[in-house]
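Excluded from the calculations below are hydrogen atoms, water molecules and symmetry mates; all remaining heavy atoms, backbone and side chain alike, are included. Given the structure is predicted, the values throughout are model-derived calculations rather than measurements.
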2 protein chains.
Amino acid sequence: MTETASRPTLEAVAARAGVSRATVSRVVNGGEGVRETLVERVRRAVDELGYVPNQAARSLVTRRHDAVAVVIAEPETRVFADPFFALQLRGISKELTAHDSQLVLLLTEGREDYARVGRYLAGGHVDGALVFSLHLDDPLPGLIHGAGVPTVFGGRPGWSDGTRVNGPTVYVDSDNRGGARDAVRHLVGLGRTRIAHITGPLDQTSAVDRLDGFRDVMVDADPRLIAESDFTPAGGERAMRELLDRCPELDAVFAANDLSASGALRVLRERRRVPEDVAVVGFDDMLPVTEQTDPPLTTVRQDIEEMGRLMARILLRGLEQRGRDERGSMGGAPSSVVLPTTLVRRASA
Amino acid sequence: MTETASRPTLEAVAARAGVSRATVSRVVNGGEGVRETLVERVRRAVDELGYVPNQAARSLVTRRHDAVAVVIAEPETRVFADPFFALQLRGISKELTAHDSQLVLLLTEGREDYARVGRYLAGGHVDGALVFSLHLDDPLPGLIHGAGVPTVFGGRPGWSDGTRVNGPTVYVDSDNRGGARDAVRHLVGLGRTRIAHITGPLDQTSAVDRLDGFRDVMVDADPRLIAESDFTPAGGERAMRELLDRCPELDAVFAANDLSASGALRVLRERRRVPEDVAVVGFDDMLPVTEQTDPPLTTVRQDIEEMGRLMARILLRGLEQRGRDERGSMGGAPSSVVLPTTLVRRASA
DNA sequence: CGCCACCTTGAGAGCGCTCCCACCCACGGA
DNA sequence: TCCGTGGGTGGGAGCGCTCTCAAGGTGGCG
């Protein structure tokens, strides 16, 4: 804890450089249309005084904040057990930094917090928002729409009745369905015929999409070969036991994520040989998990950091646009992006 | 991406409620010294108009931001592989939320980013900072001190020459040394005599402290029983192999964290029985790791979320103090806190 | 009945900045 | 020589809020 010195103002710099506030302001903001000698002089004054613009004063007039909120709506502890968000945050952070924007992190603990988030966003503290981890029928998109803040979602928001609440929604997502298809096709290509699926929590579109991808390939899959789970290792164990009970003859498992695959693998190791008897494929390619399972896990890679970066990029581009044409030319409304996935072969399948 | 409506101002609320701006301001900020009937009236006007105070305008005059920066200075990818930060963030977030403060996240990628962080902090955008993951001789504390921002560190900062750069530094840390002692004593209590230690990266005070704790108990430990590592599972594997080579007769291992313990365990499983031949203790009690190793890992628990919460609490308290006595009464300068750890017995030792 | 004290309210200044607009000063062409 | 043009500069308003201070109203007490 140390003392804050009172910081120099534009006025002070102007006085020192012997020019007006307006000129200093121009220099500080790029120096367009100011004689080179003056620019020099002002720059020197800025350095000497250690001047740093007061962001509050600036925002007050520009109505820009150079800040973006990142909303992580995930009450469950699970989130913190996997590096998913950390990676996305990292991608976001990099992109925002490159655009001199700040990252305001809003973590919610259950839906009671939604009101707070809504209030904050409506309060015009940030230029835009990046929102994660929505569940089916989540009220957050509606809330955010109400707040009137430009937003990009991480993962496709979904509603159980298939409608969109309002307006177009921009999101960045992985090609979960396509990736799942690739995974299952790979198993088929290995000659497996009794392929099981351990799902994620089906109130998340990513889990639903992966299940759909599974079904795309296994068109009339025996329902006993599908076990609902929750993306956790423990859940994966449970589901795997269930599957083995119901269908001892299964010869492959596609788990909706690496974590649940690792749980499944633990169970399988006691009763089967992997991949000889049962081949296993995961999803995500979370390195610390996939490389250290026994055997190493074949999985579907998605570039999580890139997703984060892309979300930020799309949002910032939208904000720029919006700033440029004062009265919304419908020109380049940003649209959603679905990133491709790739199958990563390791030993488990 | 949606449109921002122009938001109502204090003025508008005042007009609607038929009072002055000053009165509305009073009500919005707690309503002290305003007649109850007026408070009512203003509150209603606020609701009807959906008024939300403009933070920029407010900060401009109060010089407070109700925002705290969280600086995570960790270039290595490793960070994102363990839930450590996520948990701390969560604790911090909870505490800040309870005090209506926002969390501005500053992630750095290597030291090139330090200047940016320094500039940001010096820019007076936030009321204080919480800083993590310092390494030995890290320039960040100096930078931050220069910026004059009240700061609480996560983990004890350290300098190789044993000095502090300047002024008193406030930090929150676990009792790494004491926890390590407990772990090793537990192994001794189990009758183990040839106890090895897998260290963390020794440019971090936590790793050094744990090593010191190990040495406190194993006063003249054979240096061959100490293997330097890096807190990762892979590093743990490597170190374990090294130890087994050098000292095949070892009968216990204290790993500086759970991740490296899990790596060690993987190696041990192939060559020894755990815990019969070799007992293993970790550190952190990272549930997703400790509960799923084979066998489940005995470890030293630290309450990471609580550390985060405490850091925030100390910082906020300091800020309050500081606000109260305009000219720093030396009264209650906040001081560092070291949290106790507890040994959690599972099957590995 | 008058005076003083206290509580509530409003007026107004000003936080530090941006941005519009008017001004000044070369210039160049008529 | 005079006026028009245009780039460079400064003046000043105002963003939305807080906070000081003075004005007004009320009650208690002499």
Side-chain angles (χ1 to χ4, degrees), chain A residues 4-43 45-46 49-67 100 122-125 127 323-324 326, chain B residues 4-43 45-46 49-67 100 122-125 127 323-324 326:
Chain A
T4 330
S6 94
R7 305 190 298 109
T9 71
L10 247 205
E11 191 79 48
V13 178
R16 178 159 197 126
V19 297
S20 71
R21 275 198 334 271
T23 299
V24 178
S25 176
R26 280 190 275 264
V27 172
V28 169
N29 292 293
E32 291 295 285
V34 178
R35 226 182 329 142
E36 195 51 38
T37 51
L38 276 198
V39 173
E40 268 316 290
R41 192 130 53 97
V42 171
R43 289 251 160 83
V46 166
L49 268 53
Y51 170 75
V52 185
N54 179 320
Q55 185 59 38
R58 185 180 266 174
S59 299
L60 185 55
V61 26
T62 59
R63 282 139 194 298
R64 285 176 54 261
H65 302 85
D66 293 321
D100 282 315
H125 302 270
D127 301 323
R324 205 173 298 121
E326 300 292 54
Chain B
T4 330
S6 95
R7 305 192 297 110
T9 71
L10 248 205
E11 192 78 47
V13 177
R16 180 161 195 121
V19 297
S20 71
R21 276 199 331 274
T23 299
V24 178
S25 176
R26 283 186 199 105
V27 172
V28 168
N29 292 292
E32 292 293 286
V34 178
R35 225 179 336 140
E36 196 51 38
T37 52
L38 275 198
V39 172
E40 269 314 290
R41 192 129 54 96
V42 171
R43 290 252 160 81
V46 165
L49 268 52
Y51 170 76
V52 185
N54 179 321
Q55 185 60 38
R58 185 180 265 175
S59 297
L60 185 55
V61 27
T62 60
R63 282 138 194 299
R64 285 176 54 261
H65 301 84
D66 293 320
D100 282 315
H125 302 269
D127 301 324
R324 206 173 298 122
E326 300 292 52

Quiz item: Thr9(A) side chain: which of dC17(C), dG10(C), dT18(D) is closest?
Solution: dC17(C)
Practice problem: Answer whether the closest heavy-atom distance between the side chains of Arg21(B) and Val24(B) falls below 4.5 Å. | Solution: no
Quiz item: Would you say a side-chain N or O of Ser25(B) is under 4.0 Å from OP1 or OP2 of dC17(D)?
Solution: no
Quiz item: If each of Val52(A) and Val34(B) is mapped to the nucleotide of DNA chain C with the nearest heavy atom, which maps nearer the 5' terminus, i.e. the 5' end?
Solution: Val34(B)
Quiz item: How close or far is atom C1' of dT18(C) from atom CG of Asn54(A), stated in whole angstroms?
Solution: 13 Å
Quiz item: Under 4.0 Å between a Lys/Arg side-chain N and an Asp/Glu carboxylate O for Glu32(B) and Arg26(B)?
Solution: no
Quiz item: Between dG7(D) atom C1' and Glu32(A) atom CD, what is the distance in whole Å?
Solution: 13 Å
Quiz item: OP1, OP2 of dT8(C) versus side-chain N and O of Arg35(B): anything below 4.0 Å?
Solution: no
Quiz item: What is the distance, rounded to the nearest whole Å, between atom CG of Leu10(A) and atom P of dG10(D)?
Solution: 13 Å
Quiz prompt | Polar side-chain contact Arg21(A)-dT18(C) base: donor and acceptor under 3.5 Å | solution = yes
Quiz prompt | Rounded interatomic separation in angstrom, taking CZ from Arg7(B) and C1' from dC17(D) | solution = 12 Å
Quiz item: At under 4.0 Å, does any side-chain N or O of Ser20(A) touch on OP1 or OP2 of dT9(D)?
Solution: no
Practice problem: Report yes or no: is there a donor-acceptor pair, N or O only, under 3.5 Å between the side chain of Arg26(A) and the base of dG10(D)? | Solution: yes
Quiz item: When rounded to the nearest 0.5 angstrom, what distance separates OG1 in Thr9(A) from CG in Leu49(A)?
Solution: 9.0 Å
Practice problem: Starting at atom CD of Gln55(B), determine the distance to atom P of dC17(D), rounded to an integer number of angstrom. | Solution: 10 Å
Quiz item: dG16(C) C1' sits how many Å from Leu60(B) CG, rounded?
Solution: 5 Å
Self-check item: Gap between atoms CZ and C1', on Arg58(A) and dC17(C) respectively (whole Å)
Solution: 8 Å
Practice problem: Side chain of Ala22(B) only, please: which of dG14(C), dA11(C), dG10(D) is the nearest? | Solution: dA11(C)
Exercise. Determine the contact category for Arg63(A): base if any of its heavy atoms lies under 4.0 Å from a base atom, sugar-phosphate if only primed atoms, P, OP1 or OP2 are that close, otherwise nothing.
Key: sugar-phosphate
Exercise. Give, for atom CZ of Arg41(A) and atom CZ of Arg35(A), the distance between the pair rounded to the nearest 0.5 Å.
Key: 7.5 Å
Quiz item: Start at the 5' end of DNA chain C and walk down; is the nucleotide closest to Ala57(B) or to Leu38(B) reached first?
Solution: Leu38(B)
Exercise. Take the C1' atoms of the five end pairs on each side of the helix from dC1(C)-dG30(D) to dA30(C)-dT1(D), get both axes, and report the angle to 10 degrees.
Key: 60°
Self-check item: Inter-residue atom distance Leu60(B).CG - Ser59(A).OG, 0.5 Å rounding
Solution: 10.0 Å
Quiz item: Counting N and O atoms only, with roles assigned by atom type, does the side chain of Thr62(A) sit under 3.5 Å from a partner on the main chain of Arg58(A), one being a donor and the other an acceptor?
Solution: yes
Quiz prompt | Rounded interatomic separation in angstrom, taking CD from Glu11(A) and C1' from dG12(D) | solution = 12 Å
Practice problem: Examine distances only and state if a side-chain atom of Asp127(A) and a backbone atom of Asp66(A) form a donor-acceptor pair shorter than 3.5 Å. | Solution: yes
Self-check item: Pairwise distance CZ(Arg64(B)) to CD(Gln55(B)) - rounded to 0.5 angstrom
Solution: 8.5 Å
